[in-house]
Visitor: 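Have a look at this one before I ask anything.
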Amino acid sequence: MILTKNTGNGTAAISTREVMQRAQSGGWAVGGYNMHNPETTQALLKAAEKTQSPIFMQIGRAIIPHMGLKAAFEMTKRITDESDAPFIIHLDHGSEEEVIEAINLGFKSIMFDGAHYPFEENIKVTREIVKRCHDNDVYVEAELGRIPDVGQKVNWKDFYTDVHEAERYANETGIDSLAISCGIVHGVIPDIAPEPLAIEVVRNIRKVVSIPLVMHGASGVPDHEISEVIAAGVSKINADTDLRFAFRKGIEEVWAKGDAQLEVAMSLGREYMVSATAQKMELFGSAGKATVFEKFSIDSSRKW
Ligand code: 13P
């Protein structure tokens with residue numbers, strides 16, 4: 001039994017280091033999914049239970065301005081406490097200030113985003129963040145390369161993670177995992193196929209960087225490309241927009257029939273988001289991997 005129970009984050013909290021090592025050595029990827037309110041938090045956990053998958057519950061760029069890091073953390077902790085899914089509460093795209101607040105709140109896993117710094121400055125700032133995190137037993141993901149927002153016109157060569165910089169960044173900062181840019185974007189334009197991913201960028205970075213690799217922005221990426229990036233060496237994949245679209249579809253379907261209580265609309269949204277998240281878990285290969293951490297029985301008596 002390798003589950004690290006009761007680490008302060010809830011009943012089935014697991015270690016990021018362990019899940020990332022297992023994903024890397026097993027050739028699958030664990031998903032990082034962003035929650036936005038209690039219902040989306042429940043949907044993510046329900047999908048993890050349904051598929052028996054470990055899960056990163058990510059507190060990200062949308063929820064922090066909406067309710068603040070502390071309230072988002074407490075909400076997530078409360079709901080994860082009711083779930084049997086092995087989970088990690090993870091700060092997504094944190095600034096220096098947010099990382100420090102997260103450490104003080106009790107996060108054990110964060111992603112630091114220093115992409116706006118020039119490269120040498122990014123190394124310096126990240127190294128300090130890593131020291132502070134490791135002194136507090138906090139796992140650090142950090143990103144190198146740039147990820148455009150959906151619809152932005154870009155010259156991709158300027159956005160891909162540079163292989164030599166990736167090698168230096170990983171070696172000189174001491175980060176635990178590296179998020180890379182290989183043609184992904186944050187967000188999706190419905191019905192428009194995204195540019196194909198540059199799988200060779202992943203392969204080339206994999207050759208010189210030994211820590212686990214992460215890919216953000218998986219929404220809208222065709223399934224075969226997701227399988228290719230995992231085969232090329234990506235061990236964690238973030239997805240948000242596709243799941244939000246599923247939630248939204250449920251709300252819209254209910255309200256298309258006339259007025260209804262918000263709870264009725266959110267209920268169908270939650271149901272659709274469970275299915276959409278479960279599909280990602282199957283695709284990423286994390287489905288069935290929860291049993292590695294804990295033999296758990298699913299409690300179906302809950303309302304959600
Ligand atoms: P998408 O919304 O494109 O799936 O990206 C989510 C993400 O990468 C969060 O860090």
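We count ligands from 1, going down the list as the structure has it; atoms in each ligand are counted the same way.
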Visitor: Given salt bridge (Lys or Arg N to Asp or Glu O under 4.0 Å), test Glu101 with Lys70 step by step and report yes or no.
Guide: CA-CA 8 Å; Glu101 191 185 347; Lys70 184 166 186 282; over 6 Å; no
Visitor: Measuring centre to centre across the rings, with the benzene-like ring taken for any Trp, is Phe73 within less than 6.0 Å of Phe107?
Guide: yes
Visitor: Under a 4.0 Å heavy-atom cut-off, what residues line ligand 1?
Guide: Asp92, His93, Val185, His186, Gly187, His216, Gly217, Ala218, Ser219, Asn238, Ala239, Asp240, Thr241
Visitor: For His116, check side-chain contact (heavy atoms from CB on, under 4.5 Å) against everything at least two apart and list the hits.
Guide: none
Visitor: Tell me, yes or no, whether the heavy-atom count around Gln261 atom CD, taken from other residues, nucleotides or ligands under 6.0 Å, exceeds 12.
Guide: no
Visitor: If you group Ile, Leu, Val, Met, Phe, Trp and Tyr whenever their side-chain heavy atoms sit less than 4.5 Å apart, what else falls in with Val188?
Guide: Phe245
Visitor: Considering residues at least two apart in sequence or located in another chain, which fulfil the side-chain contact (heavy atoms from CB on, under 4.5 Å) criterion with Val150?
Guide: Val185, Ile189
